[in-house]
2 protein chains.
Amino acid sequence: MTRKPERETPHADVPLNQREAAKLATQRAVLAAARDSFEELGFERANLREIAARAQVSAGTVLHYYGDKRALLHAALFEELDTALDDAIAAAQAAPTLLRQLDALTRAVFAYYKARPSLSRVALRESLFADPPWAERFAAQTTRVSEAIATLALAARARGELSASTDPTLLSVTYLSIFYFALIAWVQQTIADPEALVAVQLRHLFPPKENTPDEPQPVPRRRRA
Amino acid sequence: MTRKPERETPHADVPLNQREAAKLATQRAVLAAARDSFEELGFERANLREIAARAQVSAGTVLHYYGDKRALLHAALFEELDTALDDAIAAAQAAPTLLRQLDALTRAVFAYYKARPSLSRVALRESLFADPPWAERFAAQTTRVSEAIATLALAARARGELSASTDPTLLSVTYLSIFYFALIAWVQQTIADPEALVAVQLRHLFPPKENTPDEPQPVPRRRRA
DNA sequence: CTGTTTCGTTGAACACGTTCAACGAAACGC
DNA sequence: GCGTTTCGTTGAACGTGTTCAACGAAACAG
């Protein structure tokens with residue numbers, strides 16, 4: 001099974017000849033049909049012939065542009081995830097402390113996945129293990145979030161919320177590790193409240209200073225045995 | 001697409017009638033054929049007809065016992081992973097400090113995955129997002145490792161390696177988060193040295209005491225701006 | 001304007017996962 | 001021992017992802 005290359009999308013901001021305009025229209029129709037079909041039927045039950053029929057093209061045309069069913073899923077969902085992550089980063093930046101910033105980020109991204117649990121499960125699976133070129137695209141997306149977190153952590157350290165020995169980049173990697181593990185556990189229905197699991201870990205790893213507003217004080221720990 | 005139930009495996013330690021003995025032989029032949037085929041061809045290129053031919057049964061028989069191709073993969077690989085995890089836990093227990101215990105655990109489990117990168121990628125994907133009843137089996141497996149880690153952390157705390165406020169269960173969850181994220185990043189070829197990424201995060205989150213033998217001292221951090 | 005090239009599109013064909021009706025041998029019950 | 005039931009096995013059929021040869025219209029070149 002050899003991967004077929006994806007076809008370049010013509011840009012609508014330069015003059016198009018007839019062919020290019022038709023290509024663009026076809027791709028848009030296919031993407032819209034795919035989004036609807038995946039949304040309604042889920043990834044497994046949505047089938048290419050039905051998506052093609054929705055877009056009023058043949059299944060061969062669908063695959064001509066998107067290579068395979070997985071890549072079509074990525075293409076159908078990628079921008080919306082990108083937007084959700086942008087929104088989540090913006091939500092985080094509005095919070096007063098790093099822990100609350102990360103809470104806000106966690107909540108916003110989880111809200112995106114929780115809006116459609118079933119599709120989110122397969123989307124998460126396919127995005128975490130995507131093939132090129134989508135692997136690179138998802139990695140770049142993750143890097144963008146990681147860098148935003150590191151920036152927040154750097155500022156928090158400057159404010160005294162983190163110890164001087166905290167590495168913002170490492171903190172961002174640790175946050176993403178915790179986030180993704182909780183997300184996987186949630187889509188697998190192993191845990192019910194992923195946000196809480198993320199939040200409690202963050203507070204154990206990066207205890208809030210004693211004077212942090214609106215932040216519960218660390219729970220007293222059992223003394224050394 | 002409805003899941004077919006998996007067929008019970010007869011136990012070879014009780015007397016079997018002719019049928020049960022034949023069932024057992026069939027299941028063993030199918031599993032061995034599947035292991036070989038997945039190993040040689042990878043999951044996608046291995047196909048059920050070829051596996052069935054290797055086992056000298058029909059494809060219908062393969063699916064009769066294992067439900068679908070994914071479940072066959074799980075069945076083919078599960079015990080070996082279980083054994084690898086047991087070995088990794090044992091290797092961890094032999095180390096003198098928690099950080100080195102976790103290093104040993106990390107190394108041992110990564111060695112299992114690194115022995116066959118391509119198959120590991122799909123095995124990891126399918127195990128993290130398994131359907132019932134395999135979801136429960138993998139979750140139980142993960143819980144077993146988590147509990148072993150928590151036990152190590154509890155002892156480490158008693159020895160003074162961790163602060164009194166460290167929660168061993170949370171530590172184990174955080175460790176697994178970091179471990180899996182690094183593992184996914186490695187199978188996706190985003191990072192080259194997952195063990196090092198895990199180790200450096202652990203040392204930042206749980207800095208070794210200053211007198212810890214064979215443990216590099218924490219790198220001096222940049223002072224508060 | 002005309003002949004040639006390009007390429008988007010199609011739908012038939014193929015491969016493969018999966019389903020399932022039919023069969024026959026083992027197991028069961030009387 | 002014989003009729004009945006159970007169930008492991010088979011292979012044909014089906015659904016779906018994918019491949020690809022063929023076609024015709026747009027684009028190009030002279």
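Here is how names work: the chains are called A, B, and so on, in the same order as the sequence lines, proteins then strands, and each is numbered from 1. Only a predicted model underlies this, so the values are computations on that prediction, with no experimental measurement involved.
At whole-Å resolution of the value, CD in B/Q56 and C1' in D/dG11 are 17 Å apart. What separates CD of B/E50 from C1' of C/dA15 is a distance of 14 Å, to the nearest Å. Rounding to whole angstrom units, OH of residue A/Y66 and P of D/dG17 are separated by 17 Å. In this structure, the CG atom of A/L41 is 11 Å from the P atom of D/dG17, given to the nearest Å. Between the CG atom of B/L48 and the P atom of C/dC16 there is a distance of 10 Å, given to the nearest Å. In this entry the distance linking NZ of B/K69 with P of D/dG17 reads 15 Å, nearest Å. Atom CZ in A/R70 sits roughly 8 Å away from atom P in D/dT18 (whole-Å rounding). Straight-line distance from the CG atom of A/L24 to the P atom of C/dT9: 11 Å, rounded to whole Å.
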Query raised in the report: Passes ring-ring contact (aromatic ring centres under 6.0 Å, His included), B/F138 versus B/F78? Steps please.
Result: CA-CA 8 Å; B/F138 285 116; B/F78 190 82; 5.2 Å; yes
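Regarding contacts with the backbone of C/dT9, a side-chain N or O of A/T26 is found under 4.0 angstrom from either OP1 or OP2. Note on A/H64: a side-chain N or O is less than 4.0 Å away from OP1 or OP2 of C/dG8. Side-chain nitrogen and oxygen atoms of B/Y65 include at least one within less than 4.0 Å of the OP1 or OP2 phosphate oxygen of D/dT9. Distances shown here put every side-chain N or O of B/T61 at or beyond 4.0 Å from the OP1 or OP2 atom of D/dG8.
Here the CZ atom belonging to B/R125 is positioned 9.5 Å from the CG atom belonging to B/L73, to the nearest 0.5 angstrom. Taken to the nearest 0.5 Å, the OG1 atom of A/T61 stands 11.0 Å off from the CD atom of A/Q27. In this structure, the separation between OH on A/Y112 and CG on A/L77 is 5.5 Å, given to the nearest 0.5 Å. For the atom pair CZ of B/R203 and CG of A/D167, the computed distance is 15.0 Å after rounding to the nearest 0.5 Å.
When distances run from any side-chain atom of A/N47 to the nucleotides D/dT9, C/dG17, D/dT16, the shortest one goes to D/dT16. Of the listed nucleotides (C/dA26, C/dT10, D/dT9), C/dT10 has the atom at the smallest distance from the side chain of A/V57.
Taking only distance into account, the side chain of A/R49 never meets the base of D/dG15 through a donor-acceptor pair shorter than 3.5 Å.
Residue contacts shown for B/A52 are absent, as no nucleic acid heavy atom lies under 4.0 Å away. Across all strands, B/A46 comes closer than 4.0 Å only to sugar-phosphate atoms, never to a base (heavy-atom distances).
With hydrogens and angles left out, the side-chain atoms of B/S146 and B/S172 include a donor and acceptor closer than 3.5 Å. Defined by atom type and a distance below 3.5 Å, a donor-acceptor pair is present between the side-chain atoms of A/T174 and B/Q201.
Within the 6.0 Å centre-distance limit, the rings of A/F110 and A/F179 are counted as a close aromatic pair.
Remark on DNA chain C: of its neighbouring residues B/Q18 and B/A59, the 5'-side contact belongs to B/A59, judged by nearest-heavy-atom nucleotide. Along DNA chain D, the nucleotide nearest to B/R19 and the one nearest to B/S58 differ in position, and the one closer to the 5' end is contacted by B/R19.
Taking the screw axis at each terminus of the helix from C/dC1-D/dG30 to C/dC30-D/dG1 from five consecutive base pairs, the angle between the two is 10° to within rounding of 10 degrees.
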